[in-house]
Amino acid sequence: MTLFDWPYWALAVFTYVVVQRLAELAYANANTRRLLAEGGREHGANHYPLFIVLHGGWLAAIALFAAPTPAPDMLLLNAFIASQTFRFWTLASIGRWWTTRIISAPHFPRVKRGPYRFIKHPNYALVVVEIAVLPLLLGAPAMAITFSILNAALLWWRIRVENEVLMERNGTP
């Protein structure tokens, strides 16, 4: 089954994710440039290209190999919709500080509103859910498992770097 043979609902969900990711990259890049201009410094840049490869590969693998059913699994579709609600809450809460990179400076405040009141890394928790739920929703369980494992390894590395930066800034990860 090719992408063009997918049912409308699946094509709409996948297109939404691609457009959403591209818009997020534009927003993140604008925030990164501004934060660097305000005295921020990037940390852990050596792992960043691996995230680009992982997320690009995840989307490409779904586009090439997923086989959605004619009707969506409503539990998975609702989990996906809930994850997107959580995504918007997370991004709205961190606002101008959100980037896809780790940018920090001693004078940057720590965000402690929205889901950041409850979870140290809510965006990473969200991505864990998305990496699994989208392929499952689109009929690609092997991709859900494979990319979840790869994502877990990268997040383990990234969260360690981010926690070290937070420790340097204010003594708590």
Side-chain angles (χ1 to χ4, degrees), residues 12-63 76-135 137 144 147-148 150-173:
V13 167
F14 184 73
T15 301
Y16 161 80
V17 171
V18 170
V19 169
Q20 180 262 337
R21 287 295 199 275
L22 292 173
E24 272 189 6
L25 277 176
Y27 179 60
N29 288 338
N31 282 347
T32 295
R33 285 190 301 277
R34 185 182 37 71
L35 292 171
L36 292 173
E38 293 174 1
R41 187 174 65 110
E42 183 172 3
H43 303 266
N46 52 345
H47 74 272
Y48 186 73
L50 297 175
F51 277 100
I52 300 299
V53 170
L54 176 79
H55 285 262
W58 173 68
L59 289 171
I62 291 170
L76 290 170
L77 183 59
N78 284 321
F80 174 76
I81 292 167
S83 75
Q84 296 313 291
T85 303
F86 189 76
R87 170 177 292 288
F88 292 122
W89 184 35
T90 300
L91 291 177
S93 297
I94 200 166
R96 71 186 301 271
W97 306 102
W98 187 80
T99 74
T100 54
R101 298 176 180 267
I102 301 171
I103 309 294
S104 183
H107 61 283
F108 289 177
R110 177 122 186 228
V111 175
K112 293 183 180 178
R113 63 181 172 271
Y116 292 88
R117 290 177 300 181
F118 312 108
I119 305 171
K120 287 184 183 180
H121 304 285
N123 196 60
Y124 302 150
L126 164 70
V127 172
V128 165
V129 170
E130 285 179 330
I131 293 269
V133 169
L134 186 64
L137 177 62
F147 283 93
S148 290
L150 295 170
N151 185 55
L154 276 178
L155 283 179
W156 177 81
W157 184 3
R158 183 177 181 108
I159 289 171
R160 287 183 52 221
V161 172
E162 195 165 308
N163 283 342
E164 287 172 12
V165 170
L166 291 171
M167 285 292 287
E168 290 173 10
R169 274 184 39 198
N170 56 14
T172 58

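Small disclaimer: the values here were computed from a predicted structure and weren't measured.
Within the 4.5 Å cutoff, no side-chain heavy atoms of Ile103 are placed close to those of Arg41. Arg110 has its side chain within reach of Leu166: a pair of non-hydrogen atoms, C-beta onward, lies under 4.5 Å apart. Taking the side chain as every heavy atom from C-beta outward, Thr90 and Tyr116 approach each other to under 4.5 Å. Contact check for Phe86 versus Asn123: no side-chain heavy atoms found under the 4.5 Å cut-off. Residues Trp98 and Val111 form no side-chain contact, since every pair of their non-hydrogen atoms from C-beta on lies 4.5 Å or further apart. Taking 4.5 Å as the limit, some side-chain heavy atom of Leu59 sits within range of a side-chain heavy atom of Phe14. When side chains are defined from C-beta on, Leu77 counts as touching Ile81, because their heavy atoms get closer than 4.5 Å. Counting heavy atoms from C-beta on, the side chains of Phe51 and Leu155 come closer than 4.5 Å.
The ring-ring contact (aromatic ring centres under 6.0 Å, His included) search around Phe108 returns Trp97, not counting sequence neighbours. Tyr16 pairs by the side chain to side chain donor-acceptor pair (under 3.5 Å) definition with Gln84, not counting sequence neighbours. Taking Asn31 as the reference, Arg34 meet the side chain to side chain donor-acceptor pair (under 3.5 Å) condition, with sequence neighbours excluded. Residues satisfying the salt bridge (Lys or Arg N to Asp or Glu O under 4.0 Å) test with Arg96, not counting sequence neighbours, are Glu38. Not counting sequence neighbours, Ala92 has no partner by the side-chain contact (heavy atoms from CB on, under 4.5 Å) test. For Tyr124, the ring-ring contact (aromatic ring centres under 6.0 Å, His included) partners are His121, not counting sequence neighbours. Under the rule for a side-chain contact (heavy atoms from CB on, under 4.5 Å), the partners of Ala144 that lie at least two apart in sequence or sit in another chain are Pro135, Leu136. With sequence neighbours excluded, the residues that form a side chain to side chain donor-acceptor pair (under 3.5 Å) with Ser104 are Arg169. In this structure His43 satisfies the ring-ring contact (aromatic ring centres under 6.0 Å, His included) test with no other residue, sequence neighbours excluded. Taking the side-chain contact (heavy atoms from CB on, under 4.5 Å) definition, one finds that Arg33 meets it with Asn29, Ala30, sequence neighbours left out.
For the salt bridge (charged side-chain N to carboxylate O under 4.0 Å, His left out) condition, no pair includes a residue of residues 45-54, sequence neighbours left out. For residues 82-94, the pairs satisfying salt bridge (charged side-chain N to carboxylate O under 4.0 Å, His left out) are Glu24-Arg87, Arg87-Glu130, with sequence neighbours left out.
Side-chain atoms of His55 do not come within 3.5 Å of backbone N or O of Ile52 as any donor-acceptor pair. One N or O on the side chain of Arg117 and one on the backbone of Gly114 form a donor-acceptor pair closer than 3.5 Å.
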